[in-house]
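Order of the sequence lines sets the chain letters (A, B, ...), proteins ahead of strands, with each chain counted from 1.
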Amino acid sequence: MYDKKKIEYIKNKKEEWVKNNYNKHIKKHPERKESFDNLSGIEINNIYCPYDNKDLDYLKDIGFPGEYPFLRGIHSTMHRGRLWTMRQFAGFGSAEETNKRYKFLLSHGETGLSVAFDYPTLYGYDTDHHLARGEFGKCGVAISSLSDMEILFDGIAVDEITTSMTINGPAAIVWAMYIANAENRGIDRRRIGGTIQNDILKEYIAQKSFIFPPEPSMRLIVDTFEYGFKEVPRWNTISISGYHIREAGSTATQELAFTLGDGIEYVKAATKRGLDIDDFAPRLSFFFNAHNDFFEEIAKYRAARRIWAKEMKKLGAKKDRSLLMRFHTQTAGCSLTAQQPEINIVRVTLQALSAILGGTQSLHTNSMDEALALPSEKAVRIALRTQQIIAEESGVTDTIDPLGGSYYLEWLTEKMEEETYKYFDKVEKLGGVIPAIEKGFFQREIAESAYKYQKEVDSKERKIVGVNDYIIEDELTIPLLKMDEKGEHRQINRLKKLRKERNNQKVEKYLNQLKKAAEGTENLMPYILNCVRSYGTLGEICGLLREIFGEYEEPAIY
Amino acid sequence: MNKKIRVLIAKPGLDGHDRGAKIVARALRNAGMEVIYTGLHQTAEMIVETAIQEDVDVIGLSLLSGAHMTLFTDVTKLLKEKNIEDIIVLGGGIIPEQDIPKLKKEGITGVFGPGTHTEEIIEFIHKNVKS
C-alpha cells in the first residue's frame, strides 16, 4: 500500500519517536502494565503505523466489499443496503410458552427467529424418556414431534420470516419437522428460509450435545446439504459454529482456527460424496462469538472472511457465492456476570458493536440476566433495543467497514490469519479434524485456555467489573423468568395422546423404510420426512438411528 | 502425612457445558487434591457408585442447564438411602439465588455460582472435610 522508501522513512521516524519521546516518557511515568496482551495472548504494541501494514497490497489483500477476498464485507452495500437480522435465541418450557415469546419478540421489532431446544430434544429423546428427567424446557423448548412444531409456529408467517434452529445431532429430523409443518400449511418448501446449526464437529470439540459417532453424523450432514440445495434452496443447511468453542473457553484465535477448520472438513466430506462445491457451498453459513476484546473480535470476523474465501478457492469453488463467509453472531454468554447483572447491558453493547463493525449478517444480543436464568421479557427487550439503538442512532452503519485501514486493525487481522494457518498445520499433522478430536487435541487446547483465563481472573491480572473489582456488597436483584410448572405435564399428555391417535401402522411402515435406508447409503432426508409427517416422534426416529449408528462417547479429559 | 483429599467432579444429566467442571477439577488438583472427573452424562446411580468405589471425600456436581433441583438432589437422596454420611456434596453452575437454600436443605453443602474464585472452593473443602 505504501511506497518502499516512504515506509522505511516512517519506520526510522517511529524509531526516533520511541527513542526521543516515548522511552523518555515511560522512564518517568511507567505504563500501567509491563505488557498489554489481548484475550488470545497476542502482545499489543504501543502504537501501529503504516510500517505495520507494509506487506499489505490494498487491492489484493483488502479490496472492496462484495469482491474477493471479501475482507471488508460480503455484500457491496453491507449495512447501508440491509441491516443485519435481529435474531434473539429463545425457547423455554413447552411449545405454547415459546410461541408466545416469539410473538412478543416479533412485536418489538425482531426480524428473525432463533429456536433454543431443551436438552432432551438436543439429544433426540422425547420428553417422557427416563434420561429427560429434570430437563424439560429448562434450556430451551421441548419438541418431540411435528405436533409440537405446529404449536411452536402457530400464527407465525414461516414463509416470510427466517428461522434459525440450534440443533445438531438430530438436525435432519427437526428440520424435517419444520419443512413438514410449512407444507401442511400450504407453503412450498422452496420458499422457506432459515438455518439449522447441524455442526457436529464443534459438538465433539466443545458443546457436547452429540448423539452418533463421527462417520454416520457426517453422512447425515451431507444428506442435508444435498437435500437442501435440491429441495429447500433458501435454507442454510449448516451453521459452522465457533460460538460454543469460545464459550467452552477457547481464545479468539482458537475459535477462528477451529471453526474454519471444521468448515473445510465439511466441504471435503461433501465433495467426497460427489457433490459439486458450487452447488452446496453457497448455503454454508457461520456463527461466531462476540467477546470482550473489541478490536480482536472485529479482526476475527474480517480475517475469517478472507481465509474462507482463499480456502474455498483452493478447494475448487468457482462461483463468488461459494466464497462468502456469511455469519451470525451472538454476544458472549460466558462474559456475563451474575454480579451486578444490569452492567451486562454495557458489555453486550460493546460486543454487539464489534459484531456489527465486523460485518455480521445476523445478531443475537444476550440479556442481562442470563448468568442467572433464562431471560425475562424485560431483559430480552432491552437486549433487542440495544441492537436497534446501534442500528438507528449510532451512525456506525453509514459506511462500510468503517475501521478498515486502521493500522492496528489491519495488523491484527493479518496476525490472526497467520495464527490460524499455524493451527491448520497442527491439525493436519494430527491427521485431520476427526482424528484430532479423537486424540482430544481441541478439547485440551480449549481446557488450557479456559484455565489460564480463570487464573488471570482469580489473580486479578484480568479485571472483571463486579467480580474481582468494583464489587458491591448489597447486590441488587432483578426479577427472573418463571416457567409454567404445568408445561411438562401438558407436553407428556400430548405425546401420549399422539402415540395413541395417530395411524401407528403408517408410522411403523415409515420407520422400517428409514431403517433399511439407514443401513444402506441412500440420502435419508426423504425417509425422515415421511416419518415426521406421519407423526413419528423425535425419540422414535433417533432411537432407531441410535441402534444402527451407535452412540458417541467422549474421552473425559480435563 | 495427611491423607490427600479425594474429590469426584461429576456432570449429571444431559448438559454438556463442562467448562466450569474442568476448571474446578484442575484447580483442586493443583491444590494437592486427588481429582476424578466422571465425564458427561452421568446418572445419580453412576455418580454414587463411582464415589463409593473411588472412596472420595467430596462430590462436586456441575450443571448449567437449570435441572439442578432434580439432578443434584437425586444424588443426595441416593447417598442418604445408602446411609453414606461422610461424603460432602457441592454444586456449581447457573443456579438462581432462591434455589440455594432449598439445595442446602437437601444436603448440598456448598453452592458456587459464576464468578466464584477457585480459592473459595478449595478453602471450603479444606474447612468441611474431616481429616
Margin query: With heavy-atom distances below 4.5 Å as the criterion, would you say the side chains of B:V24 and A:Y451 are in contact?
Written below: no
Next item on the list: Look at the side chain of B:R19 and the backbone N and O of A:A450, then say whether any donor-acceptor pair between them is shorter than 3.5 Å.
Entry: no
Check: Side chain, backbone, both or neither: which part of A:F136 has an atom under 4.5 Å from a heavy atom of chain B?
Finding: neither
Margin query: Is there a side-chain contact (heavy atoms from CB on, under 4.5 Å) between B:T70 and A:E135? Walk through the geometry before answering.
Written below: CA-CA 8 Å; B:T70 312; A:E135 298 279 5; over 6 Å; no
Checklist line | Sidechain N-carboxylate O distance under 4.0 Å for A:E448, B:R26 | finding: yes
Note to self: I'd like to check A:Y453 versus B:I23 (side-chain heavy atoms, cut-off strictly below 4.5 Å). Are they in contact?
What the structure shows: no
Check: Which atoms of A:P555 come close to chain B, meaning under 4.5 Å heavy atom to heavy atom: side chain ones, backbone ones, both, or neither?
Finding: neither
Next item on the list: Please check if atom NZ in A:K378 has more than 12 non-hydrogen atoms from other residues, nucleotides or ligands closer than 6.0 Å.
Entry: no
Notebook entry, point to check: Please walk me through it: do B:D18 and A:E554 pass side-chain contact (heavy atoms from CB on, under 4.5 Å)?
Noted result: CA-CA 12 Å; B:D18 55 7; A:E554 73 153 7; 4.2 Å; yes
Item checked: Flag, side chain of A:K208 to backbone of B:H17, donor-acceptor distance under 3.5 Å -> no
Notebook entry, point to check: Which atom pair, heavy atoms only, marks the closest approach of A:G134 to B:A67?
Noted result: O-CB, 3.0 Å
Margin query: Ignoring hydrogens, what is the shortest heavy-atom contact between B:G16 and A:Y119? Give both atom names and the distance.
Written below: N-OH, 3.2 Å
Note to self: Taking CD in A:E485 as the centre, count heavy atoms belonging to other residues, nucleotides or ligands within less than 6.0 Å. Is the count above 12?
What the structure shows: no
Notebook entry, point to check: Does the side chain of B:P96 reach to within under 4.5 Å of the side chain of A:L480, using non-hydrogen atoms?
Noted result: yes
Note to self: Rounded to the nearest 0.5 Å, what separates atom NZ in A:K138 from atom CE in B:M69?
What the structure shows: 9.5 Å
Margin query: Take a 6.0 Å sphere around CD of A:E553 and say whether it holds more than 12 heavy atoms from other residues, nucleotides or ligands.
Written below: no
Next item on the list: Check for a donor-acceptor pair, side chain of A:Y558 on one end and backbone N or O of B:A21 on the other, with a separation under 3.5 Å.
Entry: no
Checklist line | Within residues 106-120 of chain B, residues adjacent to chain A where the heavy-atom gap is under 4.5 Å | finding: B:P114, B:G115, B:T116, B:H117, B:T118
Notebook entry, point to check: For the candidates A:L122, A:I557, A:D369, A:V457, which exhibits the highest count of non-hydrogen atom pairs separated by less than 4.5 Å from chain B?
Noted result: A:I557
Checklist line | Neighbours of chain A found in residues 32-49 of chain B - heavy atoms under 4.5 Å | finding: B:V35, B:Y37, B:T38, B:G39, B:L40, B:H41, B:T43
Margin query: Among A:I446, A:T337, A:L131, which residue has the highest count of heavy-atom pairs closer than 4.5 Å to chain B?
Written below: A:L131
Margin query: Under 4.5 Å from any heavy atom of chain A, what part of B:D99 do you find: side chain, backbone, both or neither?
Written below: neither
Notebook entry, point to check: Of all of B:D74, B:L64, B:D15, which one pairs up most often with chain A through heavy atoms under 4.5 Å apart?
Noted result: B:D15
